[in-house]
Amino acid sequence: MAEERDVFPRARGRRLSAFREDDEGQWKAPFYFIQGADPQFGLMKAWAIGDCDNGGDEWEEEIKLTEQAVQAINQLNPKPKFFVLCGDLIHGMPGTQWRKDQEQDLKNVLKNIDQDIPLVFVSGNHDIGNVPTPETIDDFCKHWGDDYFSFWVGGVFFLVLNSQLYFDSSKCPGLKQAQDEWLDAQLAVAEKQTCKHVIVFQHIPLFLQNPDEDHDYFNLEKSVRQELMEKFHKAGIKAVFSGHYHRNAGGSYKDLEMVVSSAIGCQLGEDTHGLRVVIVTAEKIVHRYCSLNDLSSQGIEKELMDLIKQN
């Protein structure tokens, strides 16, 4: 356990140990981070045979893709400030037979990330269940760190949310209330402090393309979505980054951008296995989804690199 803690600087006490506000609370210069989503070890086989409940007994392909993602990130220069994985780390739901093996294989791949690039873990529905319980959330926290927390990087305030509590908290209403109260306190901090930007990470998107779209499996219910969007807008949040859809999508609500990134693992649309490069400047947040092959062979495009070099 001690070795794992050293490899993964997990969030504890609603704070990420890799970043401290005292060190990171002030704006210094443009920087970038890498967002990935849904490595979801086991889904590719399950999807191929049409049995997502019982078919995830192989994940060699996902191991190779995640290894490629780690190698691509490790060779980037300058290094990203962090690498965030926006949920569905594995496919096996809580209580299923391959879950422990999938978790261990993912940890074995991720421990090869450059030690100077902190990992940020976001909980997804496959990590804590479609209807999470206190037990499934506690299990996630033991393996990957807190299910919601905040951290600072270079004068930018980041919030990580457990979006499953907004999807169905019927078996853990007290935990949903605790996150709501915590979030309100964090948004009050965001409103009062002079941070350059506020950015949210969660697994399930608020919406896929349109703030008024109908509710389905891949977005949040409309009344929940509306309440969160208004809270985020009022607090000055610039962007929400998510996964879950296994396709690229997104849109805007007022001046809040919803960014939906496709998967490292199984693709459900026409996108390629990839990662999102996110550049943060004093004025704006610029992002681009890159295939693993392009990022491995070409690195970050010059146009984006030039933004990082601005002072």
Side-chain angles (χ1 to χ4, degrees), residues 16 18-19 21 23-38 68-86 113-114 116-122 150-160 190 193-202 205-206 232 235-243 248-264 271-311:
L16 188 64
F19 299 110
E21 184 178 351
D23 301 325
E24 296 288 345
Q26 299 300 314
W27 177 258
K28 299 180 182 71
F31 65 88
Y32 80 103
F33 63 87
I34 301 293
Q35 183 220 6
D38 302 271
Q68 185 181 3
V70 167
Q71 290 164 4
I73 291 168
N74 282 347
Q75 68 189 19
L76 294 174
N77 185 26
K79 295 174 184 177
K81 285 288 188 178
F82 60 88
F83 172 31
V84 57
L85 273 171
C86 279
I113 200 85
D114 187 311
D116 292 330
I117 304 172
L119 281 157
V120 179
F121 296 112
V122 181
S150 63
F151 62 98
W152 289 80
V153 177
V156 177
F157 192 36
F158 293 90
L159 302 176
V160 173
Q193 296 207 10
T194 56
C195 41
K196 283 292 181 183
H197 307 288
V198 188
I199 295 173
V200 170
F201 299 121
Q202 59 188 59
L206 297 167
F232 291 170
I237 290 173
K238 295 288 183 68
V240 177
F241 289 87
S242 71
N248 287 309
S252 294
Y253 173 79
K254 299 180 180 178
D255 52 1
L256 170 70
E257 185 179 11
M258 181 68 243
V259 184
V260 185
S261 294
S262 196
I264 293 171
D271 297 297
T272 56
H273 310 282
L275 296 165
R276 191 172 295 275
V277 178
V278 185
I279 314 293
V280 183
T281 75
E283 294 79 29
K284 58 188 177 180
I285 299 162
V286 180
H287 53 86
R288 190 159 301 162
Y289 186 83
C290 304
S291 74
L292 294 181
N293 288 339
D294 285 349
L295 200 61
S296 298
S297 61
Q298 302 169 23
I300 299 175
E301 297 173 25
K302 182 179 183 302
E303 174 192 353
L304 296 178
M305 290 301 296
D306 288 345
L307 289 173
I308 300 170
K309 294 173 184 175
Q310 292 176 3
N311 290 311

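Any value given below was found using the heavy atoms of this structure, including those in side chains, with hydrogens, waters and symmetry copies removed.
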So do the side chains of Gln68 and Asn293 get within less than 4.5 Å of each other, counting heavy atoms only?
yes

Residues Ile73 and Pro80: closest non-hydrogen pair is CG2-CG, 4.0 Å

Heavy atoms of Trp27 and Val280 approach each other most closely as CH2-O, 3.6 Å

Taking Val286's backbone N and O only, do any of them form a donor-acceptor pair with Tyr32's side chain (distance below 3.5 Å, no angle check)?
no

For the residue pair Ala235 and Ala190, what are the closest heavy atoms and their distance?
O-CB, 4.1 Å

Leu16/Val120 under side chain to side chain contact (heavy atoms under 4.5 Å, CB included): CA gap, chis, key distance, verdict
CA-CA 8 Å; Leu16 188 64; Val120 179; 3.7 Å; yes

I'd like to check the ring pair (Phe, Tyr, Trp, His ring centres under 6.0 Å) partners of Phe158; sequence neighbours left out, ordered by chain and number.
Phe33, Phe82, Phe151, Phe201

Applying side-chain hydrogen bond (donor to acceptor under 3.5 Å, both in side chains) to Asp116 and not counting sequence neighbours gives Lys79

Report yes if some heavy atom in the side chain of Lys302 is under 4.5 Å from a heavy atom in the side chain of Leu304; otherwise report no.
no

Interatomic distance, Ile34 atom CD1 to Leu275 atom CG [nearest 0.5 angstrom]
6.5 Å

How would you list, by chain and number, every residue that makes a ring pair (Phe, Tyr, Trp, His ring centres under 6.0 Å) with Phe83, sequence neighbours excluded?
none

Which pairs count as salt bridge (charged side-chain N to carboxylate O under 4.0 Å, His left out) when at least one residue sits in residues 280-301, sequence neighbours excluded?
Arg288-Glu301, Arg288-Glu303

Value for CD (Gln298) from OG (Ser291), rounded to nearest 0.5 Å, stands at 7.5 Å

Taken to the nearest 0.5 Å, the spacing of Met258 CE from Leu206 CG works out to 5.0 Å

Under the side-chain hydrogen bond (donor to acceptor under 3.5 Å, both in side chains) test, residues paired with Gln35 that sit two or more places apart:
Ser261

Nearest atoms (heavy-atom pairs only) where Val156 meets Lys196
CG2-CB, 4.3 Å

Spacing of Leu292 atom CG and Gln71 atom CD [to the nearest 0.5 Å]
10.5 Å

Identify the heavy atoms of Cys290 and Val277 that sit nearest to each other, and give their distance.
SG-CG2, 3.9 Å

Can you list the residues that meet the side chain to side chain contact (heavy atoms under 4.5 Å, CB included) rule with Asn74, with sequence neighbours excluded?
Val70, Ile113, Asp114, Ile117

Do any pairs count as a salt bridge (charged side-chain N to carboxylate O under 4.0 Å, His left out) and have a residue in residues 249-258, sequence neighbours left out, and if so which ones?
Glu230-Lys254

Taking CD in Gln26 as the centre, count heavy atoms belonging to other residues, nucleotides or ligands within less than 6.0 Å. Is the count above 12?
no

Closest heavy-atom pair and its distance - Arg276, Val259:
NE-CG1, 3.5 Å

Assess whether side chain to side chain contact (heavy atoms under 4.5 Å, CB included) is satisfied between Ile279 and Met305, documenting all intermediate values.
CA-CA 9 Å; Ile279 314 293; Met305 290 301 296; over 6 Å; no

Check the pair Ile237 / Ile199 against side chain to side chain contact (heavy atoms under 4.5 Å, CB included), numbers first and verdict last.
CA-CA 6 Å; Ile237 290 173; Ile199 295 173; 6.0 Å; no

Spacing of Thr281 atom OG1 and Ile308 atom CD1 [to the nearest 0.5 Å]:
11.0 Å

Can you list the residues that meet the side chain to side chain contact (heavy atoms under 4.5 Å, CB included) rule with Ala263, with sequence neighbours excluded?
Asp38, His246, Gln267

Side-chain heavy-atom pair Phe241, Ile285 within 4.5 angstrom cut-off:
yes

Mind checking side-chain hydrogen bond (donor to acceptor under 3.5 Å, both in side chains) for Asp271 and listing every partner two or more places apart, or none if nothing turns up?
Asn248

Measuring from Thr272:OG1 to Ile264:CD1, what's the distance to the nearest 0.5 Å?
12.0 Å

State yes or no: are the ring centers of Trp152 and Phe19 separated by less than 6.0 Å?
no

Considering residues at least two apart in sequence or located in another chain, which fulfil the side-chain hydrogen bond (donor to acceptor under 3.5 Å, both in side chains) criterion with Lys238?
His197

Side chain to side chain contact (heavy atoms under 4.5 Å, CB included) between Val278 and Phe31, intermediate numbers included:
CA-CA 9 Å; Val278 185; Phe31 65 88; over 6 Å; no

